[in-house]
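For reference, the structure is listed below as structure tokens.
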Protein chains: 2
Amino acid sequence: MAANILLVEDEPAIQELVAVNLVRAGHQVLRAGDAETALRLVREALPDLVLVDWMLPGMNGVELARRLRADERTRSVPIIMLTARGEEQDKITGLETGADDYVTKPFSPRELVARIKAVLRRQRPQATDDIVEIGGLQLDPSTHRVTAGELPINLGPTEFRLLHFLMTHPERVHSRAQLLDQVWGDHVFVEERTVDVHIRRLRGALEATQHDRLVQTVRGSGYRLSADLGVAPALGVE
Amino acid sequence: MAANILLVEDEPAIQELVAVNLVRAGHQVLRAGDAETALRLVREALPDLVLVDWMLPGMNGVELARRLRADERTRSVPIIMLTARGEEQDKITGLETGADDYVTKPFSPRELVARIKAVLRRQRPQATDDIVEIGGLQLDPSTHRVTAGELPINLGPTEFRLLHFLMTHPERVHSRAQLLDQVWGDHVFVEERTVDVHIRRLRGALEATQHDRLVQTVRGSGYRLSADLGVAPALGVE
DNA sequence: CGCTGCCGTGACGCTTTTGTGACAGCGTTC
DNA sequence: GAACGCTGTCACAAAAGCGTCACGGCAGCG
């Protein structure tokens, strides 16, 4: 996991409590006591997630969330709202503002951490540090290593990201445009056929252990990663 | 999903709020602050769906809907009305005017997105990526896979689209012209008999598992997909 | 019972899409 | 500053799929 999290909470005791738990779960924690500071920090540090207390002095959590959503640069940062019991009726408003999830106090650290993980995974599954495994292929994001069974596989940075994305979104067919968005970033300008070339390089690296079969071409649509080779076991049809 | 949506809303804050949520759900959003602009944009951009606030300055939402329905070119564009609580009594009027659905404020983004999906699904079932299943035949658009029972079926892009369309519009008979419109696109120029050939290829691919029986010829009219074979099988053994 | 359209089917060029090897640019390393 | 690793793009080769046609069978009809 290891995400950068911005915690926005005015009550020092609670702030400390939550922060400790986040750190314990392996996250980096930035803190803000009010919405203005929070806004500044989000722009400066671009955290992976913002945890906002519903009640804040001055600008409240909803307003903060709304502002984050209004700004191009901060729009995609996921938000989790913290709210006290009894404020449940505001849940709808909270979600309307664009919060991704919503946790009621008092909450267990376990629950909070779980929700955070869930939101991060939903946002960018390949941003987690979980080891992914498919069809005997293993990829470990934290050590940046790929192994096929026991054999290590060497990949360039792009091939690594490509494989990581495919492994975190298996089965699904991805168009070249989608892959460019997700792996290269939606701002870069490269030819779609470049994807083909990197797929080729990826296959080349996986060839030694036959794992190149996992990378499948779907003619007219794009590429797919799947352990299911989709071949009928020798039905005598020509 | 990923639809083009025209949002008609005069209140900037709400407009922004809704737009953000639509974008997050993967839609393209066009915006209009008044009915006149909306009318123009609908003609120019031909969105997949129009989201209209009930209360608008000048021409109100109902009137806008009526006009959209009156014009040949915009008639088929689905409309969803946004309305404040307390205007419920007008619901009937709204639906009468031709709105396809109706969402009361305050609404959760989740609900709104769900309604949109529902309306789009009704409109163009094959535009969703829901798995379709008929007579033991399964088609999964997101993985681009077709299976008959357990066995995988290999189809070319055109056969895949053809089958997808037939499966999302079963029972009904489709003329060759309709199939060309829906599967090939209404602008291409190909012989009608080409449809026959692709039907043939589709049947060929389904032959191995007997599922070719689902694809039926209606002499003089076109083709139909149906789990009901319409004939008494000679012997009930399969 | 023979005609007349309609449909199934196999074959065949052609176009489009994808695989592949080569290469020049670039930033880093040694 | 030479060598290296990685990247994006190209041109060409290979493959796959597409649309059309011609032939033949068959249904419906008089």
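Both backbone and side-chain heavy atoms feed into the values below; hydrogens, waters and symmetry mates do not. In what follows, chains carry the letters A, B, and so on, assigned in the order in which the sequence lines appear, proteins first and then strands, with residues in each chain numbered from 1.
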task = Going by the side-chain hydrogen bond (donor to acceptor under 3.5 Å, both in side chains) test, name the single residue among B/Arg201, B/His198, B/Arg200 that passes it with B/Glu159.
result = B/His198
inquiry  = Taking salt bridge (Lys or Arg N to Asp or Glu O under 4.0 Å) as the definition, give me every residue that meets it alongside A/Arg161, ordered by chain and number, with sequence neighbours left out.
reply    = none
message = Can you confirm whether the side chains of B/Asp228 and B/Ser226 place a donor and an acceptor under 3.5 Å from each other?
response = no
Between the protein and nucleotides 25-30 of chain D, which nitrogen or oxygen pairs are less than 3.5 angstrom apart?
none

key: Separation of atom CG in A/Leu155 from atom P in D/dG5, rounded to whole Å   = 15 Å
query = 5' to 3' on DNA chain C, which nucleotides open and close the contacts with chain A (atom under 4.0 Å from a heavy atom)?
reply = C/dT17 to C/dA22
message = Assess, by modelled atom type and distance only, whether the side chains of A/Thr37 and A/Asp34 contain a donor and an acceptor separated by less than 3.5 Å.
response = yes
task = Report which part of the nucleic acid A/Tyr223 touches: base, sugar-phosphate, or nothing (heavy-atom distance under 4.0 Å, all strands).
result = sugar-phosphate
ask   = Nearest-Å distance, CG (B/Asn154) to P (D/dA15)?
value = 17 Å
request  = Mind listing the closest non-hydrogen atom pair of B/Leu214 and B/Ala227 along with its distance?
outcome  = CD2-CA, 3.8 Å
note = By side-chain hydrogen bond (donor to acceptor under 3.5 Å, both in side chains), B/Arg172 pairs with (sequence neighbours left out) none
task = Grab the CZ-P distance between B/Arg200 and D/dG17 for me, whole Å please.
result = 16 Å
task = Let me see the working for B/Glu207 and B/Arg203 under salt bridge (Lys or Arg N to Asp or Glu O under 4.0 Å), right down to the final yes or no.
result = CA-CA 6 Å; B/Glu207 233 159 35; B/Arg203 281 175 172 155; over 6 Å; no
I'd like a table of atom pairs between the protein and nucleotides 7-9 of chain D - only N or O on both sides, under 3.5 Å - with the distance next to each one.
residue, atom, partner, partner atom, Å
D/dT7, OP1, A/Thr158, N, 2.8
D/dT7, OP1, A/Thr158, OG1, 2.4
D/dT7, OP2, A/Glu159, OE1, 3.2
D/dG8, OP1, A/Trp184, NE1, 3.0
D/dG8, OP2, A/His198, NE2, 2.5
D/dG8, N7, A/Arg201, NH1, 3.4
D/dG8, O6, A/Arg201, NH2, 2.5
D/dT9, OP2, A/Glu191, N, 2.7
D/dT9, OP2, A/Thr194, OG1, 2.7

Set of salt bridge (Lys or Arg N to Asp or Glu O under 4.0 Å) partners for B/Asp48, sequence neighbours left out = B/Arg124
inquiry  = Looking at A/Gly136, is its backbone amide N or carbonyl O close enough to the side chain of A/Glu133 to form a donor-acceptor pair, meaning the two atoms are under 3.5 Å apart?
reply    = yes
ask   = Could you go step by step and tell me if A/Glu44 and A/Arg40 meet the salt bridge (Lys or Arg N to Asp or Glu O under 4.0 Å) rule?
value = CA-CA 6 Å; A/Glu44 283 175 15; A/Arg40 189 172 49 76; 3.3 Å; yes
